[in-house]
Amino acid sequence: MALKTVEEYLESIRDNREVYLDGKKVEDVTAEPKLKKMVKYACADYAIAQDPRFRDLSTETLPGGERVHFVFVPPKSVEDLMRRREIIKLSARIGFGLPGGAKFTGIDGINGVALAAKRIDRKLGTDYSARLEKFRKHCMDIDAAVSLCMTDVKGNRALHPHRQQGHQDYYLRIVSSNDDGIVIRGAKVHISNTAVAHEMVVLPCRAMRKEDKDYAVACAVPANAKGVKIIGNAGDGMHPMVVFDDVFVPTERVFLAGEWAYAAEMPYMFSTYHRLSADTYKYTELELMVGAAGLLAEYNGLEKVSHICDKLAWLVMYAEGTEALGKAAVQNCEFDEESGYAYPNTIYSNVAKFFFANQYHEAEKILQDIAGGLVSTLPSMAELNNPATNEYIRKYLGINEEITAEMRMRLFRYIQKLCAYHSGNITVHAEGSLAAQRLTLYRMADWDRYKALAKRACGIDTEHPEVLALPNLIDAPVKVT
Ligand SMILES: Cc1cc2nc3c(=O)[nH]c(=O)nc-3n(C[C@H](O)[C@H](O)[C@H](O)COP(=O)(O)OP(=O)(O)OC[C@H]3O[C@@H](n4cnc5c(N)ncnc54)[C@H](O)[C@@H]3O)c2cc1C
């Protein structure tokens, strides 16, 4: 069976998974009121795939005639990556700037591990990529909701996994293994949508040393596997801690087991895909920010004031710059020679993520600046229906007959949500902290080309072919006279 209906999906996650929220065990994740938001976002992915308006975009018929969700199909071209972006954008526009909850992060995990596994197989003769493709097929068959478990709790960040003090489980590790499989122990944090996922792709979050080889582990684990405990974050439970308390993983689901020198390939390839996904959905949130700022200017009567126009123009540059960088990452994508898999341009997808994350607080500042103090002091929306106060609220909080108090109150309430403390934190840290993008950019930059171009300007010899090919039509800036 492929392509679940919303009802089939909901039924399928009532499977005795061990989920905790606010100090209590959740018996049925689909019935827990506090998890409603996460469940809705996951259901949205299934509803979109069933909707005749979006079916051709979201789903694909395989050569055997089976219709599956398109995101499970290995990306092989610019068009495939662009289509992935359109699917994310559609769900995020439907979801007011947040992507669907069933197939967002885990798919990037599957594609990232697929590519990393191919590289490892090529070097070591292992069969990890065949195992991964079997897992991919299983996900297609059950139309899986998939989450991605990369971020370890990490303990003392300055210490390598094997050097941690107190206990040895701050990074997920293999505690035993035999021909049938491995047993893993550890805890991953901030793991989005896991309480409503069928499957979790597990991978290391950093490079490992020889002494860390037990921590070099990647695998796939069902969310209801014995020993998996999902401890929801306060509030909406969307980004829980996932504890792996001696969980058995059969060999066919293991994609890395001790090959420490290759551990970093997994998070690196996952991040390359995932930073593009992040940039794609973030654009839909930035569209909302630009629109809300425009409405603030209008609802405060300040549309023609020059310093407000400057700020609105900056917001447009910020949003459209994010979109342009995401498109550039796809249009300049790279290909794995052997498998033909397409993956986003590493430099551009990292620049895109850094570009939006690094400037997000500036955008929030502009919204708060244009809005004025009412963002903090807004009376409760309930006053609109309070017979004792509603007359005053309606009289004093509008600006004229067209722009009413209710319209302005709705907008200010939305600004409160847009600028809530966790929006900035999510933007900076989800998909990797700013340092992670800096590191990748530093490592992956084409330094030879940059330096050769600078040498040419200085009049220093260079053998770089691209630079040698440039005709000398303009005087070089540096001359020895
Ligand atoms: C809303 C949300 C959703 C997320 N979803 C997922 C998910 O689905 N799956 C998943 O695997 N992860 C997820 N993440 C995790 C995300 O990738 C991490 O938050 C991010 O990588 C930062 O890790 P951290 O939170 O442990 O912070 P830390 O690693 O503690 O980082 C805090 C700061 O310390 C710095 N730092 C850390 N270690 C060092 C060091 N050794 N040397 C120098 N500086 C250091 C960092 O650069 C950063 O500036 C999510 C995060 C958020 C906020």
Side-chain angles (χ1 to χ4, degrees), residues 37-38 41-42 88 92 95 97-110 112-113 145-164 170-172 186-197 199-209 212 217-221 223 230-244 263-264 266-275 277-279 281-282 285 350 353-354 356-358 360-361 420-442:
K37 179 178 172 192
M38 175 170 41
Y41 270 87
I88 293 173
L98 271 187
K103 302 187 195 301
F104 180 61
T105 315
I107 301 298
D108 294 332
I110 291 177
V113 172
V146 194
S147 73
L148 186 280
C149 300
M150 179 190 70
T151 309
D152 289 282
V153 288
K154 295 187 285 210
N156 182 335
R157 270 80 175 135
L159 300 177
H160 273 261
H162 76 281
R163 285 203 179 276
Q164 294 285 328
Y170 285 110
Y171 289 79
L172 185 107
K188 301 276 186 178
V189 264
H190 329 298
I191 308 305
S192 304
N193 303 312
T194 289
V196 294
E199 294 284 354
M200 302 180 287
V201 175
V202 179
L203 43 103
C205 72
R206 57 172 297 159
M208 300 290 172
R209 292 179 175 171
D212 298 321
V217 53
C219 55
V221 180
I230 301 166
I231 306 172
N233 52 294
D236 58 18
M238 264 173 131
H239 309 287
M241 173 197 270
V242 181
V243 176
F244 296 81
M266 301 263 166
Y268 172 67
M269 284 319 303
F270 156 68
S271 303
T272 301
Y273 280 107
H274 197 50
R275 288 187 184 140
S277 302
D279 154 60
Y281 92 80
K282 194 54 76 170
E285 185 184 335
N350 276 276
K353 160 78 212 303
F354 191 88
F356 78 68
N358 195 42
Y360 191 83
H361 292 82
Y421 75 95
H422 56 263
S423 306
N425 185 261
I426 287 177
T427 305
V428 169
H429 280 296
E431 306 94 26
S433 65
L434 296 170
Q437 288 108 62
R438 279 200 193 97
L439 195 67
T440 307
L441 290 171
Y442 180 76

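We count ligands from 1, going down the list as the structure has it; atoms in each ligand are counted the same way. Note that the numbering runs from 1 along the sequence shown for the chain.
Annotation: atom 38 (N) of ligand 1 to nearest protein heavy atom, R157 CG, 3.3 Å. For atom 46 (C) of ligand 1, the closest non-hydrogen atom on the protein side is S433 OG, 3.7 Å. When only non-hydrogen protein atoms are considered, atom 8 (O) of ligand 1 lies nearest to S192 N, 3.0 Å. Nearest protein neighbour of atom 15 (C) of ligand 1, counting heavy atoms only, is T151 OG1, 3.1 Å. The protein heavy-atom contact nearest to atom 2 (C) of ligand 1 is A430 CB, 3.7 Å. In this structure, atom 33 (C) of ligand 1 lies nearest to the protein heavy atom H429 CE1, 4.5 Å. Of the protein's heavy atoms, I426 CG1, 3.4 Å lies nearest to atom 1 (C) of ligand 1.
Distance screen at 4.0 Å: atom 10 (C) of ligand 1 has a protein heavy-atom neighbour inside the cut-off. Closer than 4.0 Å to atom 26 (O) of ligand 1 lies at least one heavy atom of the protein. For atom 43 (C) of ligand 1, no protein non-hydrogen atom is found at a distance below 4.0 Å. Shown here, atom 36 (N) of ligand 1 is out of close reach of the protein: none of its heavy atoms lies under 4.0 Å off. In this structure, atom 30 (O) of ligand 1 has a protein heavy-atom contact shorter than 4.0 Å. Distance check on atom 22 (C) of ligand 1: some protein heavy atom falls below the 4.0 Å cut-off.
Across every non-hydrogen atom of A145 and K103, the tightest pair is N-NZ, 4.3 Å. Counting all heavy atoms, side chain and backbone alike, A430 lies closest to K353 at O-NZ, 3.0 Å.
Contact between K154 and ligand 1 is present, with at least one heavy atom of the residue lying under 4.0 Å from the ligand.
In this structure, the ring of F104 has its center less than 6.0 angstrom from the ring center of H274.
Residues V113 and V201 have side chains in contact (heavy-atom distance under 4.5 Å, counting atoms from C-beta outward). At least one side-chain heavy atom of L148 sits less than 4.5 Å from a side-chain heavy atom of L203. When side chains are defined from C-beta on, C205 counts as touching K154, because their heavy atoms get closer than 4.5 Å.
Every atom of ligand 1 with a heavy atom of I191 under 4.0 Å away is listed here by number and element: 7 (C), 8 (O), 9 (N), 10 (C), 11 (O). The atoms of ligand 1 that sit less than 4.0 Å from any heavy atom of M150 are 10 (C), 11 (O).
Here the CG atom belonging to N350 is positioned 12.0 Å from the CZ atom belonging to R438, to the nearest 0.5 angstrom.
When atom types are taken as modelled, the side chain of Q164 and the backbone of N156 share a donor-acceptor pair closer than 3.5 angstrom. At distances below 3.5 Å, at least one donor-acceptor pair connects side-chain atoms of R157 with backbone N or O atoms of G155. In terms of modelled atom types and a separation under 3.5 Å, the side chain of N193 and the main chain of A102 share no donor-acceptor contact.
Between A435 and ligand 1, no pair of N/O atoms sits closer than 3.5 Å. Of the N or O atoms in A158, none lie within a sub-3.5 Å distance of an N or O in ligand 1.
Residue contacts with ligand 1 for H190 involve both N, CA, C or O and side-chain atoms from C-beta outward (heavy atoms, distance under 4.0 Å).
Under the side-chain contact (heavy atoms from CB on, under 4.5 Å) test applied with V189, the options M241, H239, M150 reduce to a single match, M241.
Checked against salt bridge (Lys or Arg N to Asp or Glu O under 4.0 Å), E285 has the following partners two or more places apart in sequence or in another chain: K282.
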